[in-house]
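In what follows, a single structure is set out as structure tokens and then discussed.
Read the numbers this way: they start at 1 and go in the same order the structure lists the ligands and their atoms.
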Amino acid sequence: MKLSLLVLSLLFFFFIHRHRHVHSSAVSELDALMALKASLDPYGQVLTSWARGSDPCTGSSFDGVACDEHGHVANISLQGKGLSGRIPPEIGGLRSLSGLYLHFNALIGEIPKEIGSLRMLSDLYLDVNGFSGEIPPDIANLTNLQVLQLCYNRLSGSIPRQLGSLQKLSVLALQYNLLTGAIPASLGDLASLKRLDLSFNYFLGSIPATLANASSLQVLDVRNNTLSGHVPAGLKRLNDGFQYENNPDLCGVGFSNVQPCPTIYLDRPEPLGPNALSKKNIPESADLKSSCGEAHCPNRLSGRKAGVVLGVVAVIAVIGFTVTGFLTFSWHQHRKQRTPSSLEDSDKRVSSSQVIENYAKGASPLISLEYSNGWDPLAKGGGGSAFSQEVFESFMFNLEDVERATQSFLESNLLEKSSFSSVHKGNLRDGSAVTVKRYAKMSCKSDEAEFLKGLKLLTKIKHENLVRLRGFCCSKGRGECFLIYELVPNGNLLQYLDTKPGSGKVLEWPTRVAIIIGIAQGISYIHEDKGDKPRLVHQSISAEKVLIDHWNNPLLSDSGLHHLLADDVVFAMLKASAAMGYLAPEYTSTGYFTEKSDVYAFGVLVLQILSGKRAITSMIRHGVEACRFEEFVDENLEGNFSETEATQLARIAILCTRDSPTDRPSMRTVVQELNTLISIS
Ligand SMILES: *[C@@H]1O[C@H](CO)[C@@H](O)[C@H](O)[C@H]1NC(C)=O
Ligand SMILES: *[C@@H]1O[C@H](CO)[C@@H](O)[C@H](O)[C@H]1NC(C)=O
Ligand SMILES: *[C@@H]1O[C@H](CO)[C@@H](O)[C@H](O)[C@H]1NC(C)=O
Ligand SMILES: *[C@@H]1O[C@H](CO)[C@@H](O)[C@H](O)[C@H]1NC(C)=O
């Protein structure tokens, strides 16, 4: 009897003790969560479910929070929630956190160094926000880190050399920031690193030869930086995985579009190679000079020249900052005004995010989390509007059809991949070839009614110069939606720009004219009110969106797509569009898109097609204005073009790209002019 009493009281003690233990740690985590809520969501509009009275770990009381079996917070998943605050230092209190997903928000301020105390963290997604300041070196303490996504922010300073110690890191995405300094040679020590994206920053100096040693590396993107010196020959093994365009001072052998190095370079030790590793105390950004050997360097940067370079970089950085700030600002205004959603563009530019890759494995960290409200827009059917339910249903595919068509998304059927979507090729049961565009739920509009409305709109768009939608399918189980389009076999227009003579990709003059006319007709149709199709704005016209078929007819893709996508995704793609020069100037000041913004993008396309170039330089523009054919008509045509037509097309391009939208013609007028053009010539 006594014994059993003792046992009972012991048990009781253990129970109390255990309970207290769990309770106290839960309390401190609750404190951290409440601090997080106050700071991430300063206006208290998003995290309303996070309340002191409730337990973050039971059910789904805390939106986006998932706990492990010990009752500790394991994942926080708040991507695309419209958060606009900062990450507070209290984040460091969530010791069991393994995934922090805060991407596609409008968070600002610095990344707190306390993030470095989250020893369990494996996934850190802070991309597509407005973070500024430097990358805290404390991130190097996160020994379990596998994915570090910091792209599309305003981070400055250089990459902390210490990151080279992250042995499990497989993805490091830093593209589209304001980062500068040299690429630390220590990154070559990252044994698990598969993808390293440093593109669209202000990195200086050379590409460290050690990167060629990173044995798992498959993708290295350093486009649009100010790198110089030797391209390490070892990077050839990456084939197309190595991208380096727009670094005019790189030199080397065996890489296309890279100048051979001046011979005198050959004798020098590799800049930032193993020798540079020993100079541990040199700040990374000072390596600008060390990239230019000792005694007989041909164009050693004098102090003044380096100063000028740094000055220019600073000015560019300031401009970049201002423009991004402006865009962010107008975007915010735009959201406030609740105008139709903004712009959607070549999402391929955000090419290196891991997100879709995870989907492809069917094990996405993002979709494995339960979302608070179920999502199954199609379950409710078409909603019984005046619109023919039958027609709508004829577009519905089931998941089985989609999986069969793409052979369960077989890797070899993957055509392209970005952080928002992936595109697979496939064959339907009727034998027709299709492309299947795959979007994660989080990339789609969260309001089901809106989403459905968008889908219906898509089914009404039909024109010979627009890619035809065959159907769609949404899977609650996979947390994904699929859009099935007819396959257009000959790639997109981008592939026909910047081509070399003899590559077989140089378009003949009559083909160019026909493509311009076809695109104009497609856009004009989108802008019209036709039957039950309302007037629409495409919002993301670019060379990439112009697909070419067997007969060299152009077909514009992704019409109306922005009606389906979440504003945050649309915003992220807007940045890319601005970078490519298709964004009409009024967008930055008004935050509105109109038909005239499409006309602007069309004008840019015409210039690209005439010149055969992706980048429209001031020389091309001046040439167009002064009608100097040799300056704007593609030299690959070797003079085989009609001067009358070139003059007229140049005139149309100028009118369409006028700064003021009211000065641009309507698409209807453009089509009429183009029709007279072919009838007279
Ligand atoms: C990271 O590690 C460094 C060196 O061990 C230490 O000084 C720093 O305080 C750590 N940072 C955090 C946030 O734990
Ligand atoms: C790493 O690269 C350097 C320079 O390219 C080379 O000397 C060294 O042997 C490589 N180390 C390994 C482990 O491959
Ligand atoms: C947190 O996310 C990881 C990565 O996706 C997942 O493996 C894990 O199961 C999640 N943990 C919880 C408790 O949901
Ligand atoms: C990339 O570099 C090219 C060539 O220097 C430049 O024309 C283009 O504007 C750059 N793009 C961005 C987004 O910086």
Side-chain angles (χ1 to χ4, degrees), residues 22 25-26 28-30 32-33 35-36 49-50 55-80 86-103 109-127 133-150 159-171 184 186 189 192 280-281 353-372 419 440-442 477-480:
V22 167
S25 93
S28 63
E29 290 205 338
L30 185 59
L33 286 174
L36 217 59
S49 64
W50 293 27
D55 181 352
C57 294
T58 50
S60 55
S61 56
F62 274 51
D63 191 19
V65 174
C67 296
D68 60 18
E69 66 274 24
H70 309 295
H72 294 296
V73 175
N75 290 318
I76 294 184
S77 197
L78 297 172
Q79 63 277 5
R86 298 158 185 270
I87 303 182
E90 286 86 350
I91 187 84
L94 299 170
R95 294 298 165 122
S96 303
L97 202 63
S98 69
L100 182 58
Y101 306 98
L102 297 175
H103 47 304
E110 301 200 349
I111 300 172
K113 68 174 175 15
E114 286 75 8
I115 241 171
S117 47
L118 303 172
R119 299 300 158 89
M120 309 293 282
L121 202 65
S122 68
D123 292 51
L124 180 56
Y125 285 71
L126 303 180
D127 41 315
E134 304 202 353
I135 301 173
D138 305 80
I139 286 188
N141 301 11
L142 301 171
T143 46
N144 284 306
L145 200 62
Q146 293 170 17
V147 178
L148 179 57
Q149 294 272 2
L150 301 178
I159 304 180
R161 198 179 50 233
Q162 295 89 327
L163 294 192
S165 66
L166 293 170
Q167 285 307 304
K168 294 189 183 165
L169 194 67
S170 72
V171 177
S186 61
D189 301 337
S192 312
K280 275 257 168 20
N281 293 327
S353 168
Q354 186 71 350
V355 180
I356 285 293
E357 209 151 85
N358 284 327
Y359 290 132
K361 287 183 216 138
S364 159
L366 302 176
I367 56 172
S368 61
L369 292 177
E370 259 318 310
Y371 286 86
S372 49
S419 51
K441 176 204 156 168
M442 61 156 191
R478 298 181 66 108
E480 290 178 311

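Interatomic distance, L163 CG to D189 CG, rounded to the nearest 0.5 Å: 11.5 Å.
For ligand 3 and A66, the ligand atoms under 4.0 Å from any heavy atom of the residue are 14 (O).
Residue S98 has no N or O atom closer than 3.5 Å to an N or O atom of ligand 3.
No donor-acceptor distance shorter than 3.5 angstrom exists from the side chain of Q79 to the backbone of M442, with no hydrogens or angles considered. Side chain of S192 to main chain of L169: no donor-acceptor pair is present (N/O by atom type, distance under 3.5 Å, no hydrogens or angles). Distance alone, capped at 3.5 Å, places no donor-acceptor pair between the S77 side chain and the Y101 backbone.
Contacts of ligand 1 (protein heavy-atom distance under 4.0 Å) are K113, G116, S117, R119, D138, N141.
Ligand 3 has C67 within reach: a non-hydrogen atom of the residue lies less than 4.0 Å from it.
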Donor-acceptor pairs are to be reported for all side-chain atoms of residues 109-120 against protein atoms at under 3.5 Å, with residues two or more places apart or in another chain.
{"from": "S117", "atom 1": "OG", "to": "E114", "atom 2": "O", "distance (Å)": "2.6"}
{"from": "R119", "atom 1": "NE", "to": "G116", "atom 2": "O", "distance (Å)": "3.4"}

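Scanning for side chain to side chain donor-acceptor pair (under 3.5 Å) contacts around N144 gives K168, with sequence neighbours left out. For S98, the side chain to side chain donor-acceptor pair (under 3.5 Å) test picks out N75, with sequence neighbours left out.
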